[in-house]
A.B. asks: 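One structure follows; several queries about it will come next.
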Amino acid sequence: MRGDLGNPRLLRVLNERRLLDHLQEHGPASRADLAKITGLSKPTVSAALAGLEQDGLVHLVGEVSGRPGPVTSLYDVNAAATHVAGIDIGRDWIRVAVADLRGAFAGRTDGRNTARTSAELALLVGELCRAAAREADVDWPAIACAVVGSPGVYDPALGRLEFAPNLPGSDLAERLRATLEVDLVIENDINLATVGEHVHGEGRGKSDFALVSIGTGVGMGIVVNGELYVGARGAAGEVSYVPAAEEPAPSSDHALSHGATEAVTAAPGVVRAARAAGLTLDTAKEVFAAAASGDAVARSVVEAEGRRIGGLLVAVAAVLDPEVIVLSGGVGRNLDLLGAAIETRIAELGPLRPAVVASTLGDSGVLLGAVAHARTRAWDLIFDARLP
């Protein structure tokens, strides 16, 4: 941070941020209430609110009367002062949301990921971003910050994604920056889904929990003491590389690049298991639908999948001891079909009994986490520009 605490302008900006953080979290408040809550003097609060209002960051939202004394003005964050974007890049789908500074979606566009090269993928992401901005009635260049959720781990030193075999090209990050031309942050998609779960879902109010996502791939996000834990190199939670109890399929090369657990537990592994059992189904969704309709072979495939997941969750519980493990992803959230097998396998493996719940955020978890991250960064950028 530039300046020092003896700098009046710096103190003013720090006071502004303090008030704005309170309004952001708790909603409208009067000057007197803000002074009482923050411990700042009423003149200091009035001066800070005046500066924020002049710059369009707060606005008057109402008045309270009917009690002795003057009418009391209520102030709140001007959520429409600027907008941010969340971007979820998956192997099959790309999802984009443009949101205000409170995280409310103003525009959302989903599209199939048909790209075969990093150039095609960056172009497709750019088209979807601008479509979402048009829906939100926002000029894309005015976006304060965009956060991309992607498989793998972004290495800022190398400027590229690592551990992302499902995405094309090693230069994707560079191409995204060139195409989007806004302040851009690239984060692991499962970590962002965990942030989304912490803010909006089953992890809300939990200081220690894990999210295990099983879909096209397998990954885990970790919250410890209320904070996202990513490890020394950002690879904490890459449980796809945990050794699997059974032989990986379809080949050792595949298991080496994708991880042994992912090779057998992710959606493609479910389909391979179904076909090996004699079912002519093309997707994991079809396998689960067949199991739900009573097909005995599909049920056996799903039971085996549940047992594999149960073994993975015991490993997670043994290392992290979380309050709860949230299952997400196209495969993982089928807890109604997987739950019995998961519980049975957990019971077979020892005394650990982690609480397991399904995510309720559907396909929006990564987007919600990306927007939450983008909001925080946007406020940081706004106040950094206000510092002396």
A.B. asks: Would you check if the side chain of Ser300 reaches a backbone N or O of Val297 as a donor-acceptor pair within less than 3.5 Å?
C.D. replies: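 At least one qualifying donor-acceptor pair exists.
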
A.B. asks: Which heavy atom of Ala290 sits nearest to which heavy atom of Ala298, and what is that distance?
C.D. replies: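 Between these two residues, the closest heavy atoms are CB-CB, 3.7 Å.
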
A.B. asks: Any side-chain to backbone donor/acceptor pair from Arg353 onto Gly350? Under 3.5 Å, distance only.
C.D. replies: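 Confirmed, Arg353 side chain pairs with Gly350 backbone.
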
A.B. asks: Any donor and acceptor pair, going by atom type alone, linking the side chain of Trp140 with main-chain N or O of Ala132 inside 3.5 Å?
C.D. replies: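 Not at all, since once roles are kept as given, no pair shorter than 3.5 Å links the two residues.
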
A.B. asks: For the atom pair CG (Asp295) and CG (Leu281), what is the distance rounded to the nearest 0.5 Å?
C.D. replies: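 So the gap between those two atoms works out to 7.5 Å.
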
A.B. asks: Crowded around Lys206 NZ? As in, over 12 foreign heavy atoms under 6.0 Å?
C.D. replies: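 Counting neighbours around NZ of Lys206, more than 12 heavy atoms of other residues, nucleotides or ligands fall under 6.0 Å, so yes.
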
A.B. asks: Can you hop from Val239 to Val223 via hydrophobic side chains spaced under 4.5 Å?
C.D. replies: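 In one cluster with Val239: Val223, no.
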
A.B. asks: Kindly say whether Leu172 contributes a backbone atom to a donor-acceptor pair with the side chain of Ser118 at under 3.5 angstrom?
C.D. replies: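 The answer is no, because no donor-acceptor pair under 3.5 Å joins these two groups.
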
A.B. asks: Just by modelled atom types, is the Asn225 backbone N or O under 3.5 Å from a matching donor or acceptor in the Asp208 side chain?
C.D. replies: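 Yes.
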
A.B. asks: Under a 4.0 Å threshold between the charged nitrogen and the carboxylate oxygen, would Asp380 count as salt-bridged to Arg17?
C.D. replies: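 Looking at Arg17 and Asp380, the cut-off is met.
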
A.B. asks: With Leu128, which of Ile89, Ile94, Ile87, Asn113 fulfils side chain to side chain contact (heavy atoms under 4.5 Å, CB included)?
C.D. replies: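 It is Ile94; the other options fail the test.
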
A.B. asks: State which residues pass salt bridge (Lys or Arg N to Asp or Glu O under 4.0 Å) with Arg175; sequence neighbours excluded, sorted by chain then number.
C.D. replies: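 With neighbours one apart ignored, the set is Asp171.
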
A.B. asks: Search all heavy atoms of Ala146 against all heavy atoms of Val182 and return the closest pair with its distance.
C.D. replies: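 What the structure gives for the nearest pair is CB-CG2, 3.9 Å.
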
A.B. asks: What salt bridge (charged side-chain N to carboxylate O under 4.0 Å, His left out) pairs are there with at least one residue in residues 99-109, not counting sequence neighbours?
C.D. replies: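 Checked against salt bridge (charged side-chain N to carboxylate O under 4.0 Å, His left out) - neighbours excluded - the pairs reaching residues 99-109 are Asp76-Arg102, Arg108-Asp110, Arg108-Asp363.
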
A.B. asks: Indicate the atoms forming the closest heavy-atom contact of Asp183 with Ala144, along with that distance.
C.D. replies: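 Taking every non-hydrogen atom into account, CB-O, 3.5 Å.
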
A.B. asks: Which atom names give the shortest non-hydrogen contact between Val316 and Pro322, and what distance separates them?
C.D. replies: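 So the minimum-distance heavy-atom pair works out to O-CD, 4.3 Å.
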
A.B. asks: Donor-acceptor pair, Asn334 side chain versus Val331 backbone, under 3.5 Å?
C.D. replies: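 Yes.
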
A.B. asks: Is it possible for you to say whether Met220 and Val366 belong to one hydrophobic cluster, with membership spreading through side-chain heavy-atom contacts below 4.5 Å?
C.D. replies: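 Met220 and Val366: separate clusters.
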
A.B. asks: I'd like to know if the side chain of Ser30 and the backbone of Asp33 have a donor-acceptor N/O pair within less than 3.5 Å.
C.D. replies: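 Between the backbone of Asp33 and the side chain of Ser30 there is a qualifying donor-acceptor contact (under 3.5 Å).
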
A.B. asks: More than 12 foreign heavy atoms under 6.0 Å from CG of Asp137: is that the case here?
C.D. replies: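 Counting neighbours around CG of Asp137, 12 or fewer heavy atoms of other residues, nucleotides or ligands fall under 6.0 Å, so no.
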
A.B. asks: Minimum heavy-atom separation for Ser46 to Arg31, with atom names?
C.D. replies: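 Ser46 and Arg31 have their closest heavy atoms at OG-CD, 3.5 Å.
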
A.B. asks: How long is the span from the CG atom in Leu101 to the CG atom in Leu57, to the nearest 0.5 Å?
C.D. replies: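 It comes to 8.0 Å.
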
A.B. asks: Salt-bridged, Glu348 to Arg345, with N to O below 4.0 Å?
C.D. replies: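 Arg345 and Glu348: salt-bridged.
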
A.B. asks: Kindly give the heavy-atom pair with the smallest separation between Val61 and Tyr75, and that separation in Å.
C.D. replies: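 The answer is CG2-C, 4.2 Å.
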
A.B. asks: Can you tell me how far the CG atom of Asp384 sits from the CH2 atom of Trp379, to the nearest 0.5 Å?
C.D. replies: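 Output value for this atom pair is 14.5 Å.
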
A.B. asks: Indicate yes or no: does Arg299 engage Glu303 in a salt bridge with an N to O separation below 4.0 Å.
C.D. replies: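 Between Glu303 and Arg299 there is no salt bridge, as every charged N stays at least 4.0 Å from the carboxylate O atoms.
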
A.B. asks: Can you name the residues that form a salt bridge (Lys or Arg N to Asp or Glu O under 4.0 Å) with Arg130, not counting sequence neighbours?
C.D. replies: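 If we apply the salt bridge (Lys or Arg N to Asp or Glu O under 4.0 Å) test to Arg130, skipping adjacent residues, there are no hits.
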
A.B. asks: Give a yes or no answer on whether the side chain of Glu323 reaches the backbone of Ser207 with a donor-acceptor pair at less than 3.5 Å.
C.D. replies: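 Pair found, side chain donor or acceptor close to backbone of Ser207.
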
A.B. asks: Quick one: does Arg91's side chain have a donor or acceptor within less than 3.5 Å of a partner on Thr216's backbone?
C.D. replies: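 Pair absent, no side-chain N/O of Arg91 close to backbone of Thr216.
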
A.B. asks: Using a 4.5 Å cut-off on heavy atoms from C-beta on, say whether the side chain of Asp88 contacts that of Trp93.
C.D. replies: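 No, too far: nothing below the 4.5 Å cut-off.
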
A.B. asks: Got a donor-acceptor contact below 3.5 angstrom from the Thr261 side chain to the Val242 backbone?
C.D. replies: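 Side chain of Thr261 to backbone of Val242: a pair is present.
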
A.B. asks: Side-chain contact, heavy-atom cut-off 4.5 Å: Leu19 with Thr38?
C.D. replies: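 Yes. Closest side-chain heavy atoms under 4.5 Å.
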
